[in-house]
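Notes to accompany the following structure.
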Amino acid sequence: RVEFGEKFLLLPGMVDIHVHMREPGLEYKEDWGSGSRAAVKGGVTMVVDMPNNVPPANNCSVLQEKLQRASARSLVDFAFYAGFNPLVEELERCRGLFVGFKLYPEDLYSPGARNVFSYASRYGLPVVVHAENPSLFRESKLHSDARPPEAEESAVKHALMLSRESNAWLHVTHLSTSGALMSVLEAKVTPGGRVTFDVTPHHCLLSDELYRGEKRGIAVVNPPLRPEGERASIYTSLRNMLPDAIVTDHAPHRIEEKTSEKPSPGFPGLETALHLLFREILEGRLGLEVLELYSRRPARLLGVKKGVLGEGFEGDVVVVSKEEWVVRGEDFESKAKYSPFEGWRLPTKTYAVYIRGEPVYIAGQFMTSKGGRLAVPRG
Ligand code: DOR
Ligand code: ZN
Ligand code: ZN
């Protein structure tokens, strides 16, 4: 049983290692101000930002620009992934600016992927992979049929092969099928190489049933929400604490892009993840320890440290209150004011957030409008 005392529970700040803050280039979808307020509202004190910016963050000058933008406007601490660059050595002079590489489906199948894996292996950095084999996509009205489970299973096998070849660390992000889960778990117990993976709240809690209803466009995301059996497998892996992390894949788009004929994939997740997890915890389906996967474990996984406070996370604290609310996109801090969880009743709220000991949010009020810092690689 989880004891809230009178009403409050003190937790470490959450760490979300897969978010899209959209700067530079797509500020109309999100920016560091709105995105980091969304993080704070969700009890998140540190994020790792994805490189699919415009232009892409696959070189030092864009990574430098990202550092400047986030330093000026983020409330939460942050780190970056570098995007796919076949001339990966170009990134040598800004090695301290990224904590790993991110490869999208097309990157994984391009010849330069091998260069990225071998460079990453040299420095012990993770290659974070969005695993879906584009050659297995097909025409279908139903989003989950257009990008079937086999596409993920196939791409995970391919990524495991690349990582074994170069002895690099593969991190499969937003893993969403039982077949891919089996391959990853098998690789985890196979000597040599290293593989880790994360799961999202949406792949654990929602199924492709949503693509048959009114939230169809809102629920479009890649990898897609899966048939019920796949969802249940991923959720069960979480019940058994098998993933190395939970991530939101916070991927905001403008509402017009979501309700169009061809909806942009992704939706905001930062403001709901922790409290969705509390719904599972307080209803007895998950143990409180699952929150480790959204805080200490991902922080240690990426080996980042912050400031001067020992390991760097001791001053990062969230106070959660036992207070029911209903998810309403219109109330979000994110510029993306919709959610596939719209209307869900959640049992807890973020009451206060402290970062490196400084108050950032208390009782519905933001105490500052900046202060986030780059989390640097450990050692
Ligand atoms: O749903 C998704 N949204 N999947 C991706 O791989 C990209 C992301 C985005 O940037 O919107
Ligand atoms: Zn992705
Ligand atoms: Zn993503």
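These numbers were taken from a predicted model, which means no experiment stands behind them. When a ligand or atom number is given, it counts from 1 through the structure's own listing order.
In Y211, the OH atom is crowded: over 12 heavy atoms of neighbouring residues, nucleotides or ligands sit closer than 6.0 Å.
Considering both main-chain and side-chain atoms, A251 never comes within under 3.5 Å of ligand 1 through any nitrogen or oxygen pair.
K157 and E153 are not joined by a salt bridge, as no carboxylate oxygen comes within less than 4.0 angstrom of a charged side-chain nitrogen. With respect to the salt-bridge test (charged N to carboxylate O, under 4.0 angstrom), the residues E330 and R328 do not qualify. Salt bridge absent: R297 and E292 never bring a charged side-chain N and a carboxylate O closer than 4.0 Å.
R22 counts as a contact of ligand 1, since one of its heavy atoms falls under 4.0 Å from the ligand. Using a 4.0 Å heavy-atom cutoff, H253 is listed among the residues neighbouring ligand 1. Residue F267 places every heavy atom at 4.0 Å or more from ligand 1.
Close approach of ligand 1 to V221 is summarised as follows: ligand atoms under 4.0 Å from at least one heavy atom of the residue are 1 (O).
For Y81 and F98, the gap between ring centers reaches or exceeds 6.0 Å.
In H18, the N, O or S atom that comes nearest to the Zn ion (ligand 3) is NE2. H20 contributes NE2 as its N, O or S atom closest to the Zn ion (ligand 3). Atom OD1 is the N, O or S atom of D249 at the shortest distance from the Zn ion (ligand 3).
Hydrophobic clustering of Ile, Leu, Val, Met, Phe, Trp and Tyr side chains at less than 4.5 Å, counting indirect connections, keeps L26 apart from F332.
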